[in-house]
Student: 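What follows is a structure written as structure tokens; I'll ask about it next.
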There are 2 protein chains.
Amino acid sequence: MIDYILMGFLRYAPMTGYDLKQAIDTSTSHFWHAHHSQIYTTLRQMEKDGLVTSQFIQQVGQPNRRLYVLTEAGQRALQDWLEQPLMELPAIKEDLLVRLFFSAARDPHKVIEELRLQRQLHVQKLAVLHHTASVVIPEEHAKIPPEARDPIFWQATVSMGIKFQEMYIQWIDETIRVIEGSAMDPERK
Amino acid sequence: MIDYILMGFLRYAPMTGYDLKQAIDTSTSHFWHAHHSQIYTTLRQMEKDGLVTSQFIQQVGQPNRRLYVLTEAGQRALQDWLEQPLMELPAIKEDLLVRLFFSAARDPHKVIEELRLQRQLHVQKLAVLHHTASVVIPEEHAKIPPEARDPIFWQATVSMGIKFQEMYIQWIDETIRVIEGSAMDPERK
DNA sequence: CTGAACATGTAATTAGTTACATGATTTC
DNA sequence: GAAATCATGTAACTAATTACATGTTCAG
């Protein structure tokens, strides 16, 4: 999957691994992230496969850079992948739900504490997403032809992120109430 | 993570790999799934680590079974893990959002088609979750002491699943409208 | 007679994470 | 003087997926 993300970004402009890492961190990371180690190794593999070419750029003062350019084959590979619709529901992995599922044996106060901590993180994430929607995307929009449809799709992904975080916060509040109401009755304490 | 899930289920009763696979498929799979190959190999590893013990049960007619029992060490490992709260937001991986993010270059009709297909899958999943909440969990509840708090936590995870699917469906509808409204203007066709 | 359910495994591969490794420049 | 930014890589490891492999019983 990370290979398609890299190709997707390289379609906008040639970039280095470092640039790609930053592009991911400030945009797709809320639905797909990658460590720099994976990015660099994947780019090398993609070069072997003819999907990208690279040129080494010597710099003074600054570290050298390796600039990657998407090839025709790379563009085709990306387009082919996009053409092929997703036919199943991708699996979800939610650590907190695993923990909660087996939390009956835990001290309910500790469970609620954990939920509150997670809640805080979701609130923070929500703020980041609002910032992405109102600042980052408009900024990026300014760098590409104004008639490009891309920002519509970028906003759609952020919109999902926002809805998800809002839903999550709401669910945590509700879950805390349920635990407080039914698992902490006085005779149990 | 799968090791903790296996321990979590083994706390209820000794089970075979096959049983565990089924338990996962009918309960945690909407937030964490595993293939049988991973389950069997993980159980073997856990046995080496002293978290479980197994006994081979010879059967006639039916294939033989290997029954796993959680050890004291296994119980402690699970409890320790549950005690240690989750401090970060786990990363999300959403294939559809990756595809959508880079979909500006696609035929918008094809994008909408894909969204509609996904919508259908989410509707189906939602039905499964409603069934889990109203049938599967009450059934499982009947098998354990009625005062056990477990079903409350099971329901909480299903509640998240339901909220998630509802949110997703709503977002797809909204996204289709956005694409129809702004990316399919007549002069472009 | 076909397919599902029961039941367990191994092998090969891919994907992803964590740790190791370096080093200059700029900002506080 | 410390921390952040720029910049790229390798190595080791863990997790997860896909494919290979086998064989009986029971229901439709």
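All figures in this text were calculated on a predicted structure; none of them were measured in a lab. Below, chain A is the first sequence line, B the second, and so on; all start at residue 1.
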Student: Using a strict 4.0 Å threshold on nitrogen-to-oxygen distance, state whether A/D173 and A/R177 make a salt bridge.
Tutor: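 A/R177 and A/D173: not salt-bridged.
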
Student: When you measure from the side chain of A/T41 to the backbone of A/Q38, do you find a donor-acceptor pair of N or O atoms at a distance under 3.5 Å?
Tutor: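 Indeed, once roles are kept as given, a pair shorter than 3.5 Å links the two residues.
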
Student: Would you mind reading off the distance between A/D19 atom CG and D/dC6 atom C1', rounded to a whole angstrom?
Tutor: 10 Å

Student: Could you state the atom-to-atom distance from CG of A/L43 to P of D/dT8 in whole Å?
Tutor: 9 Å

Student: On the nucleotide D/dT18, are OP1 or OP2 found under 4.0 Å from the side-chain N or O atoms that B/H36 carries?
Tutor: no

Student: For A/D25 and D/dT5, what is the distance between atoms CG and P respectively, to the nearest whole Å?
Tutor: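 Going from A/D25 (CG) to D/dT5 (P), I get 12 Å.
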
Student: Can you see if the side chain of B/Y40 gets near the phosphate of C/dT8 - specifically, an N or O under 4.0 Å from OP1 or OP2?
Tutor: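 Checking C/dT8 against B/Y40, a side-chain N or O does come within under 4.0 Å of OP1 or OP2.
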
Student: Write down the distance between NZ (A/K21) and P (D/dT5), rounded to a whole number of angstrom.
Tutor: 13 Å

Student: C/dG16 phosphate, OP1 or OP2: any side-chain N/O from A/H35 under 4.0 angstrom?
Tutor: no

Student: For A/Q38 and B/Y68, find the nucleotide of DNA chain C closest to each by heavy atoms; which residue's nucleotide sits nearer the 5' end?
Tutor: B/Y68

Student: Could you pick out which residue, B/A91 or B/N64, lies toward the 5' side of DNA chain C when each is mapped onto its nearest nucleotide?
Tutor: B/N64

Student: Is the phosphate of C/dC6, meaning OP1 or OP2, less than 4.0 Å from a side-chain N or O of B/Y18?
Tutor: yes

Student: Using 30° and 60° as the class limits, which term best fits the ring planes of A/Y12 and B/F102: parallel, tilted or perpendicular?
Tutor: tilted

Student: Is it true that the NZ or CZ of A/R149 lies under 6.0 Å from the centre of A/W154's six-membered ring and within 45 degrees of the ring axis?
Tutor: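 Judged by the rule (NZ or CZ under 6.0 Å from the ring centre, within 45° of its axis), A/R149 is not positioned above A/W154.
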
Student: Please state how far atom CD1 in B/I39 lies from atom P in C/dT10, giving the value in whole angstrom units.
Tutor: 15 Å

Student: For the residue pair B/R119 and B/Q124, confirm or rule out a side-chain donor-acceptor distance under 3.5 Å.
Tutor: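 Not at all, the side chains of B/R119 and B/Q124 share no donor-acceptor pair under 3.5 Å.
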
Student: Quick one: are A/T16 and A/Y68 in side-chain contact, heavy atoms under 4.5 Å?
Tutor: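 Of all side-chain heavy-atom pairs linking A/Y68 with A/T16, none is under 4.5 Å.
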
Student: Check whether any side-chain nitrogen or oxygen of B/T41 sits under 4.0 Å from OP1 or OP2 of C/dT10, and answer yes or no.
Tutor: no

Student: Which part of the nucleic acid does B/Q22 contact within heavy-atom distance under 4.0 Å: base, sugar-phosphate only, or nothing?
Tutor: sugar-phosphate

Student: Does C/dG9 have OP1 or OP2 sitting under 4.0 Å from an N or O in the side chain of B/R44?
Tutor: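 Answer is yes, contact under 4.0 Å.
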
Student: Does a side-chain N or O of B/H33 approach OP1 or OP2 of D/dT17 to a distance below 4.0 Å, or not?
Tutor: yes

Student: Tell me: CD1 of A/I2 to P of D/dA16, nearest whole Å?
Tutor: 17 Å

Student: Would you indicate what B/K93 reaches in the nucleic acid, counting non-hydrogen atoms under 4.0 angstrom: base, sugar-phosphate, or nothing?
Tutor: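 Since only primed, P, OP1 and OP2 atoms lie under 4.0 Å of B/K93, the category is sugar-phosphate.
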
Student: It should be established whether A/S37 places a side-chain nitrogen or oxygen under 4.0 Å from OP1 or OP2 of nucleotide C/dT17.
Tutor: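 For C/dT17, OP1/OP2 do not have a side-chain N/O of A/S37 under 4.0 Å.
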
Student: Is the distance from OP1 or OP2 of C/dT8 to the nearest side-chain N or O of B/R66 less than 4.0 Å?
Tutor: no

Student: Rounded to whole angstroms, how far apart are CD on A/Q45 and P on C/dA15?
Tutor: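 Atom CD in A/Q45 sits about 10 Å away from atom P in C/dA15.
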
Student: Rounded to whole Å, please give me the gap between CD in B/Q55 and P in C/dT8.
Tutor: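 My rounded result for the distance is 13 Å.
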
